[in-house]
Number of protein chains: 2
Amino acid sequence: MSLPHAILTALLEKPSSGLALTRRFDKSIGYFWSATHQQIYRELGRLEASGLIRALPAQGPSRGSKKEYEVLAAGREELAAWVARPEDPRPIRDPLLLRVRAAGVVGRAGLEEELRRHLALHRRQLAEYEAIEARDFPAGAKGSADSAGAPAEGRSAADQLQHLVLRGGIDLETFWVAWLERALEEFEG
Amino acid sequence: MSLPHAILTALLEKPSSGLALTRRFDKSIGYFWSATHQQIYRELGRLEASGLIRALPAQGPSRGSKKEYEVLAAGREELAAWVARPEDPRPIRDPLLLRVRAAGVVGRAGLEEELRRHLALHRRQLAEYEAIEARDFPAGAKGSADSAGAPAEGRSAADQLQHLVLRGGIDLETFWVAWLERALEEFEG
DNA sequence: GGCCCCATGTAAGGTGTTACATGATTTG
DNA sequence: CAAATCATGTAACACCTTACATGGGGCC
């Protein structure tokens with residue numbers, strides 16, 4: 001049940017239309033929660049029906065013209081409640097680990113190439129995250145100097161949390177790169 | 001499409017009934033691919049219908065008595081093909097990271113306690129994996145000394161891959177523990 | 001008999017993915 | 001005007017999760 005909350009978060013950060021949301025799920029939000037436009041439209045409909053968001057009035061036909069959504073008070077409350085709601089971490093479920101295990105049974109033919117391919121992909125992703133970190137959270141780290149003209153308090157608190165999430169992405173990709181390098185070493189050695 | 005291949009792997013390691021499989025998915029296999037008994041029974045039915053596995057003959061009523069399955073040649077081939085089949089890694093999709101991001105928008109009330117809870121869970125999981133490693137892959141590491149009375153070649157190759165997968169689980173949990181510790185530090189500091 | 005556990009299954013609902021459909025606006 | 005792109009949506013299907021159903025065997 002995380003998609004509706006991902007959408008509420010995105011809409012609170014900035015009211016948007018369905019397509020604009022989709023774009024943002026391909027960028028910053030998508031770095032830790034991906035979603036396609038079909039999922040997003042369906043969920044927008046549900047959230048509106050539940051009274052958590054509403055479409056800003058707009059004239060014109062219902063099809064083919066923009067519909068902007070904004071979060072209502074009930075939506076904000078639901079999101080705040082969700083942040084604190086206990087929810088256990090899901091067990092690991094990774095196809096690549098499974099494939100390595102399967103290779104132990106049927107042989108590892110072709111697996112090494114796949115590992116190399118994944119290593120390249122994870123290295124690219126890691127580089128992308130690091131570029132974002134260098135751009136959005138330069139040097140000084142933590143609370144840091146707030147960039148031009150924003151209210152210092154709220155800005156830096158939200159920034160700190162966003163940075164934390166980005167660090168999560170970086171560390172995860174770092175894990176994959178290290179694990180894949182180790183695996184390939186063992187294959188060759 | 002990984003569940004059928006997880007089941008094929010499990011059945012090749014040891015032919016089993018549905019319930020026995022479920023048990024094994026709660027232990028070793030479940031450490032990197034979880035599944036419930038409903039998923040497993042349904043998938044066993046499909047795999048049998050596709051001719052990849054077969055039920056060993058057994059008398060008695062169809063309900064309430066054991067049905068053992070074994071993998072057919074076609075099943076082994078399918079699994080070997082899957083090991084080499086290119087499949088991109090899925091983008092990250094983690095509710096906890098999402099919640100931290102949401103906390104940046106609606107406030108972090110209650111979040112710290114959740115992080116503590118998750119930290120404890122991940123520490124426990126990490127300890128469990130490390131205990132398994134100490135038990136099944138003692139000291140010498142890599143190819144290592146094969147334990148009593150197994151054919152050296154195949155045994156140690158499969159062992160090496162299983163160890164690699166376990167290391168993946170350990171490293172992943174290590175990542176979570178480190179990330180959560182960092183997050184809590186920032187919250188307090 | 002009543003209770004618990006073993007073992008296999010059905011049903012319903014939510015989530016995610018892929019493919020396609022439709023109208024409006026911009027661009028050559 | 002034709003083609004591409006924007007923007008919103010429908011349909012179908014596969015998958016996962018949760019809850020419940022059914023029948024047998026062992027135990028007190």
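Within every chain, numbering begins at 1; the chains are lettered A, B, ... in the order of the sequence lines, protein sequences first and strands thereafter. Any value given below was found using the heavy atoms of this structure, including those in side chains, with hydrogens, waters and symmetry copies removed. Small disclaimer: the values here were computed from a predicted structure and weren't measured.
- Remark: P of dT18(C) and CG of Asp88(B) are 11 Å apart, rounded to the nearest angstrom.
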Please write out each protein N/O paired with an N/O of nucleotides 12-16 of chain C under 3.5 Å, distance rounded to 0.1 Å.
from: dT15(C); atom 1: OP2; to: Arg46(A); atom 2: NH1; distance (Å): 3.0
from: dG16(C); atom 1: OP2; to: Gln39(A); atom 2: NE2; distance (Å): 2.9
from: dG16(C); atom 1: O5'; to: Gln39(A); atom 2: NE2; distance (Å): 3.3
from: dG16(C); atom 1: N7; to: Arg42(A); atom 2: NH2; distance (Å): 2.9
from: dG16(C); atom 1: O6; to: Arg42(A); atom 2: NH1; distance (Å): 3.4

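- Listed by chain and residue number, nothing satisfies the salt bridge (charged side-chain N to carboxylate O under 4.0 Å, His left out) test with Glu87(B) (two or more places apart in sequence, or in another chain).
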Quick one: side chains of residues 71-85 of chain A, donor-acceptor pairs under 3.5 Å with protein atoms, not counting sequence neighbours, listed by atom name and distance.
from: Glu78(A); atom 1: OE2; to: His5(A); atom 2: NE2; distance (Å): 2.8
from: Glu78(A); atom 1: OE2; to: Arg85(A); atom 2: NH2; distance (Å): 2.9

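- Atom-to-atom, NZ of Lys67(B) to P of dG24(D) comes out at 15 Å; the value is rounded to the nearest Å.
- Residue pairs meeting the salt bridge (Lys or Arg N to Asp or Glu O under 4.0 Å) criterion with at least one member in residues 33-45 of chain B, sequence neighbours excluded, are Glu43(B)-Arg46(B).
- Residue order along DNA chain C, read from the 5' end via each residue's closest nucleotide, puts Ser17(B) first among Ser17(B) and His37(A).
- Rounding to whole angstrom units, CG of residue Leu19(A) and P of dA24(C) are separated by 17 Å.
- Phosphate proximity of dG9(D) to Tyr41(A): absent, as no side-chain N or O sits under 4.0 Å from OP1 or OP2.
- Considering Glu181(A), Glu173(A), Arg117(A) as possible partners of His122(A), the one that fulfils the side-chain hydrogen bond (donor to acceptor under 3.5 Å, both in side chains) test is Glu173(A).
- Note on residues 1-23 of chain B: pairs passing salt bridge (Lys or Arg N to Asp or Glu O under 4.0 Å), not counting sequence neighbours, are Arg101(A)-Glu13(B), Glu13(B)-Arg24(B).
- In this structure, CD1 of Ile40(B) is placed 17 Å from C1' of dT10(C), rounded to the nearest angstrom.
- Whole-Å rounding puts the Gln38(A) CD to dA21(C) P distance at 14 Å.
- Remark: Glu48(B) pairs with no residue by the side chain to side chain donor-acceptor pair (under 3.5 Å) rule, at least two apart or across chains.
- Between the P atom of dT17(C) and the CD atom of Glu87(B) lies a distance of 12 Å, rounded to the nearest Å.
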